[in-house]
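No experiment lies behind these values; they were computed from the predicted model shown.
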Amino acid sequence: MMFGLNAVLAETPHAKRVALVIGNARYEHVSNIPNSANDAQDISAALKRIGFHVTSKQNLDYRELRLTLRDFSEDVVDADMVLVYFAGHGIEIDNTNYLIPTNAELRSDKDVEFEAIRLETVLNAVSTAKGLKLVIVDACRNNPFVSDMVRTTATRSIGQGLGRIDPSGVLVGYSARGGTLALDGDGRNSPYAEAFLEHIEVPGLELGKMFRKVRDTVYELTDGYQEPFTYGSLPGHDIFLVPAALKEPIYSDDATIDAAKAVRPVDERERSAQRLLGEAMQLEDESAKQGALKLIAQLYSDTRAGQYSQQVTDVVGRTNRKIATLVTPKTTISPSGTESRFDAPKPLPRSNSDIEASLNLNRNDYRSIQRGLNALGFSVGPVDGIFGPRSREALKKFQGQNGAERTGYLTAQSFAVLKNVAKP
């Protein structure tokens, strides 16, 4: 039962969640992997947003890598959830997997024991954690060390990518199935990191299902070339990195319910709705304010702030309708004695793209919007500030669910709400 209780506590805001993210991109003796630095940076940011205390390191040599793992092993002892993410070069020799520091030369196969770090060392570093332990390895790339490496023993095997493992008590995720290679990708992130970033912040996505979705996304991005794989097993109950926003967790017994209630803070949805309400009420443009309040009422209908937003929009709506019935159009008498009606000229309609352009959004604004959409379950993929087709499609789904026209373009109302959804 203790493991189940730890899993519950791992999903509460008071749980201790720690992560170590390493991006080895600049190697001294072989070609660099630029994406590794981007992957580490973006994944560190995502983990912080979902409540992890993150130690982020880049371009570690042999000594730095060993000391980092030693220090991290001391941090995880009382942790409820531990995650290690490594992006860089790795190699498998004689069924043993190694992560390669930036200063490794590996002139011969025997050098790997003295210049690289066994994957087993990483697993041992997190083994003392009392809760969930995850190790993610995006190091199955085409290895430039292998082509020039001298074989000192004819029977020694050097694998393609990393070899399969059978971890005990740790869930290990490979960016490519054991014995196969992973791609670096042509964009900012590797295909695996891109998929991981797309799914890790989705509320209510169970951990095992998240890894399956990552696998499907990578498989699609690489046209079937690359297939991620996980080794190890998860407990029988569901585990969430980001609990569902609208669902209460299901616990197995009264003792677990009591323990969870003891650490449960003020309702997070109510807090989020109150923050958004405060932002909306400060908008100077009345139309933007009413549109934002309407969205808050729809998104947070189960909160006091959402219900208040609905009351405000109802009152304003009734007032506007009354005013409309009292205002009559101006008339004048023509020389022929007939009445002519003069309406104020209607403004020319603006295109949806013009409306968004008038908001003068910068890349950080778009990042906030992407985080907000991800937090609400409308996946935009990587939070990179590039509002491309995937982000537009997510925005369309958000608009459709909330009764707005599915344009895929931002308005002052949607911007006012979405930019604040994922704020801490």
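Under the 4.5 Å side-chain criterion, counting only non-hydrogen atoms from C-beta, Q290 is not in contact with K294. V126 has its side chain within reach of F72: a pair of non-hydrogen atoms, C-beta onward, lies under 4.5 Å apart. Considering only heavy atoms from C-beta on, I43 comes within 4.5 Å of L197 through its side chain. Within the 4.5 Å cutoff, no side-chain heavy atoms of L171 are placed close to those of K133. For the pair D111/E113, no side-chain contact is recorded, criterion being any heavy-atom separation below 4.5 Å from C-beta on.
Side-chain contact annotation: N352 with T407, donor-acceptor N/O pair under 3.5 Å absent. The closest side-chain donor-acceptor pair between H199 and T217 falls under 3.5 angstrom.
Scanning both residues, L221 and P191, for their nearest heavy atoms gives CD1-O, 3.9 Å.
Ion pairing of E198 with K213 is absent here, as no side-chain N (NZ or NE/NH1/NH2) approaches a carboxylate O to less than 4.0 Å. The pair E201-R49 meets the salt-bridge criterion, since a charged nitrogen lies less than 4.0 angstrom from a carboxylate oxygen.
For the pair R392 and F387, the cation does not sit on the ring face, since its NZ or CZ is not both under 6.0 Å from the ring centre and inside 45° of the axis.
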Please assess D354 against S351 for the test side chain to side chain donor-acceptor pair (under 3.5 Å), listing each intermediate value before the final yes or no. CA-CA 5 Å; D354 287 341; S351 68; 3.0 Å; yes
Working note: S190 + D138, criterion side chain to side chain donor-acceptor pair (under 3.5 Å); need CA distance, chi angles, decisive distance, verdict. CA-CA 9 Å; S190 72; D138 191 1; 2.7 Å; yes
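Using a distance-only test at 3.5 Å, with no hydrogens or angles considered, a donor-acceptor pair links the side chain of Q370 to the main chain of G385. Within the 3.5 Å criterion, the main-chain N or O of Y27 finds a donor-acceptor partner in the side chain of N32. Between the N59 side chain and the A25 main chain, a donor and an acceptor come within less than 3.5 Å of each other. Between the side chain of E356 and the main chain of T411, no donor-acceptor pair closer than 3.5 Å is present.
Residue K289 places its NZ atom among more than 12 non-hydrogen atoms of other residues, nucleotides or ligands, all under 6.0 Å distant. Within a 6.0 Å radius of CD in E220, no more than 12 heavy atoms belonging to other residues, nucleotides or ligands are found.
Listed by chain and residue number, S44 satisfy the side chain to side chain donor-acceptor pair (under 3.5 Å) test with S56 (two or more places apart in sequence, or in another chain). The side chain to side chain donor-acceptor pair (under 3.5 Å) check on N364 picks up R367, with sequence neighbours excluded.
In summary, of the residues considered (D384, V380, I386), a side-chain contact (heavy atoms from CB on, under 4.5 Å) with S391 occurs for V380 alone.
Residue L134 holds its CG atom at 7.0 Å from CE of M81, rounded to the nearest 0.5 Å.
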